[in-house]
Amino acid sequence: QVQLVESGGGLVQAGGSLRLTCAASGTIDSINAMAWHRQAPGKERELVAGISRGGSTDYADSVKGRFTISRDNAKNTVYLQMNNLKPEDTAVYYCTLYKGLSPYWGQGTQVTVSS
């Protein structure tokens, strides 16, 4: 059983910043590949940022230079620092952990960016 709990979402004005946190627990490896996805109403869920077991990172083109994914392995926690937020970033953000052949998903945290 894998549990992922996201926090840190909220309402912020355009140009502001938020830091999302994902705490992982359960039957997991000491280090897992993890990612953040997001989904806006009426749109497909998309990959925002990912971090491999070795620490390599990748980002969607739309967030490069603004978002940073990082983790604290000792705490089984992953973060997403979001700077210079835009209204188009408004979505539910989901933490993802990769174990075996399937990903595991958190419940999501709402991020709303006002104009």
Side-chain angles (χ1 to χ4, degrees):
Q1 182 67 37
V2 176
Q3 184 178 32
L4 303 172
V5 180
E6 302 101 330
S7 61
L11 175 64
V12 64
Q13 294 186 355
S17 299
L18 286 173
R19 188 194 193 199
L20 305 184
T21 298
C22 173
S25 62
T27 307
I28 57 177
D29 297 325
S30 58
I31 302 176
N32 293 271
M34 299 186 71
W36 289 93
H37 292 76
R38 68 186 181 188
Q39 186 168 25
K43 298 183 179 180
E44 296 183 52
R45 186 172 299 185
E46 65 173 339
L47 175 67
V48 176
I51 184 166
S52 73
R53 287 166 53 87
S56 298
T57 59
D58 60 88
Y59 301 89
D61 289 340
S62 60
V63 306
K64 285 182 178 178
R66 299 189 297 121
F67 290 10
T68 303
I69 186 170
S70 62
R71 67 183 170 200
D72 184 336
N73 292 328
K75 297 181 178 180
N76 290 324
T77 300
V78 174
Y79 307 93
L80 184 67
Q81 179 66 45
M82 305 185 294
N83 297 325
N84 192 24
L85 283 161
K86 304 175 180 179
E88 65 193 52
D89 295 318
T90 295
V92 177
Y93 284 70
Y94 297 91
C95 180
T96 313
L97 181 148
Y98 297 90
K99 177 185 177 183
L101 301 178
S102 300
Y104 292 81
W105 299 87
Q107 64 186 26
T109 185
Q110 177 71 48
V111 172
T112 302
V113 184
S114 62
S115 301

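Side chains included, hydrogens not; waters and symmetry mates left out as well; all remaining heavy atoms used.
Closest non-hydrogen pair, Ala60 versus Leu47, comes out as CB-O, 3.4 Å. When every heavy atom of Ala24 is checked against every heavy atom of Met34, the shortest pair comes out as CB-CE, 4.4 Å. Listed here is the closest heavy atom pair of Thr77 and Ala23: OG1-CA, 4.3 Å.
Side-chain contact check for Arg66 versus Met82: every heavy-atom pair is 4.5 Å or farther apart. Using a 4.5 Å cut-off on side-chain heavy atoms (C-beta onward), Ile69 and Tyr59 make contact. For the pair Arg38 and Val63, the minimum side-chain heavy-atom distance is below 4.5 Å. In this structure, the side chains of Leu4 and Val78 stay at 4.5 Å or more apart for every pair of heavy atoms. Within the 4.5 Å cutoff, side-chain heavy atoms of Gln110 are placed close to those of Thr90.
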Before you tell me yes or no, could you show the steps for Lys64 and Asp61 under salt bridge (charged side-chain N to carboxylate O under 4.0 Å, His left out), namely the whole-Å CA-CA distance, both residues' side-chain angles and the distance that decides it to 0.1 Å?
CA-CA 5 Å; Lys64 285 182 178 178; Asp61 289 340; 3.2 Å; yes

When you look at Asp72 and Tyr79, which way does the side-chain contact (heavy atoms from CB on, under 4.5 Å) test go after all the steps?
CA-CA 8 Å; Asp72 184 336; Tyr79 307 93; 4.2 Å; yes

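A donor-acceptor pair under 3.5 Å is absent between the side-chain atoms of Arg45 and the main chain of Gln39, judged by distance alone. Side-chain atoms of Arg71 come within 3.5 Å of backbone N or O of Asn32 as a donor-acceptor pair. At distances below 3.5 Å, at least one donor-acceptor pair connects side-chain atoms of Glu6 with backbone N or O atoms of Gly108.
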Under 3.5 Å, which donor-acceptor pairs link side chains of residues 94-107 to any protein atom two or more places apart or in another chain?
unit_1, atom_1, unit_2, atom_2, d
Thr96, OG1, His37, ND1, 2.9
Lys99, NZ, Thr27, O, 2.3

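Taking OG of Ser17 as the start and CZ of Phe67 as the end, the distance is 9.5 Å to the nearest 0.5 Å. For the atom pair Ser25 OG and Lys75 NZ, the distance stands at 15.5 Å (nearest 0.5 Å). Taken from CG in Asp89 to OG in Ser62, the straight-line distance is 7.0 Å, to the nearest 0.5 Å. For the atom pair CD of Gln3 and SG of Cys22, the computed distance is 10.0 Å after rounding to the nearest 0.5 Å.
Val12 is connected to Leu20 through a chain of hydrophobic side-chain contacts under 4.5 Å among Ile, Leu, Val, Met, Phe, Trp and Tyr, so both are in one cluster.
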